[in-house]
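Below is one structure, written out as structure tokens, with a few remarks after it.
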Amino acid sequence: MITQRPRFTLDDRLPADHLAKALRADVASGLTAEPKTLPPKWFYDARGSELFEQITRLPEYYPTRAEQEILTRRAPEIAALTRAGTLFELGSGSSTKTRLLLDALTAAGTLSCYAPLDVSPSALEQAGTALVRDYPGLRVAATVTDFEADLTLPPDAPGPRLIAFLGSTIGNLDPEQRASFYRSLRRTLSADDALLLGADLAKDPEVLVRAYDDSAGVTAEFNKNVLNVIDRELDADFDPEAFAHVALWNEQEQRIEMHLRSLRAQSVKVPALDLSVDFAPDELMRTEISCKFRRDSLTTELAAAGLTVRHWWTDPAARFALLLAVPSR
Ligand code: AVJ
């Protein structure tokens, strides 16, 4: 008798109440801080994920298309350079990008396993089911985890390992958070493993601001959606209509910032936290940073964590970069 192991597995490493607890902690500290902040990870409930998908199709939001252009052109080269046995992917990348890599790596004949890591079991379930259907020889070993806190990779996945972190999600981290993230990546990588990192590049601030303040108002709705999430999960009484979407370029920090501007003096109750929060008229609450990169400084910060940039590819308009890095010597 032949028993086959299932081609799709899902390892849930998050305790059942992890996300609820993390949201409470983030909202409690962010709303009592000066200035007020909320971390961007809470944008992505079902509605927020749908809005983000719409953002990636906006004429003003170029990063997704630019990264796809690079991957379309360079995936075969990436496959030949890495000869990856397992592709790990941090965060639920759009399946379009994943498939460009999977196509090249399966065509090269080295890949046997795709290992996505994400906080959302439903996203992993959906993607995994479709991928084992479309890639008959592929094992999909999905892990539900918060990879910022725990970067342990599934141990039985064959090497060499290619860890992809696409979409310039790295830009959501400030320099200190990036440094500690690179260090834990470096600890995880063996000598023949590699990191594939997507990073949005610094450019004309007008182009950048338009990408985060589109004329159709989709990004504004995406930004305000975090208030709906807090209302629903923590029984708060934020009125999204009482805030305006703000996207600005911070030249000093080389980053786009999204804020919500209070349209009037108001007091918001968060009963689940026993909290009442006062907003002054025009007060800004920061909801996201999206750092923009340059080749020299990004190469330097990776080197400081023991990662050597081996290849640097951009789209023809040089708006976005994809880099391949390996452990230094
Ligand atoms: C998913 C973090 C890469 O920073 O460009 C898009 C999120 N926010 N529009 C970005 C986002 C507003 C996006 N990342």
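Just so we're clear, the structure is a prediction, and the values are computed from it rather than from any experiment. Whatever order the structure lists them in is the order used to number ligands and atoms, beginning at 1.
No donor-acceptor pair under 3.5 Å is formed between the side chain of T37 and the backbone N or O of R286.
Using a 4.0 Å cut-off between heavy atoms, Y44 contacts ligand 1 through its side chain alone, with no backbone atom that close. Of the heavy atoms in F43, none comes closer than 4.0 Å to ligand 1.
A pairwise comparison of heavy atoms in S168 and D200 identifies OG-N, 2.8 Å as the closest pair.
Using 4.0 Å as the threshold, S168 has a heavy atom nearer than that to some atom of ligand 1.
In terms of protein heavy atoms, atom 8 (N) of ligand 1 is closest to E288 OE1, 2.6 Å. Of all protein heavy atoms, the one closest to atom 4 (O) of ligand 1 is S290 OG, 2.7 Å. For atom 2 (C) of ligand 1, the closest heavy atom belonging to the protein is N172 OD1, 3.2 Å. Shortest contact from atom 13 (C) of ligand 1 to any protein heavy atom: Y61 OH, 3.4 Å.
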N/O donor-acceptor pairs under 3.5 Å from side chains in residues 13-22, not counting sequence neighbours:
from : atom 1 : to   : atom 2 : distance (Å)
R13  : NH1    : D150 : OD2    : 3.2
R13  : NH1    : T152 : O      : 2.9
R13  : NH2    : T152 : O      : 3.0
D17  : OD2    : K21  : NZ     : 3.2

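Counting only heavy atoms from C-beta outward, the side chains of R47 and V229 never approach each other to under 4.5 Å. Within the 4.5 Å cutoff, the side chain of E77 has heavy atoms near those of the W313 side chain.
Judged by distance alone, the side chains of S290 and Y212 do bring a donor and an acceptor atom under 3.5 Å apart.
Shown in contact with F222 at under 4.0 Å from a heavy atom are these atoms of ligand 1, numbered in order with element: 8 (N), 12 (C).
If you check each of G167, G91, A247 against atom 3 (C) of ligand 1, the one with the closest non-hydrogen atom is G167.
Scored by the ring-ring contact (aromatic ring centres under 6.0 Å, His included) test, Y44 finds F52, F222 as partners (sequence neighbours excluded).
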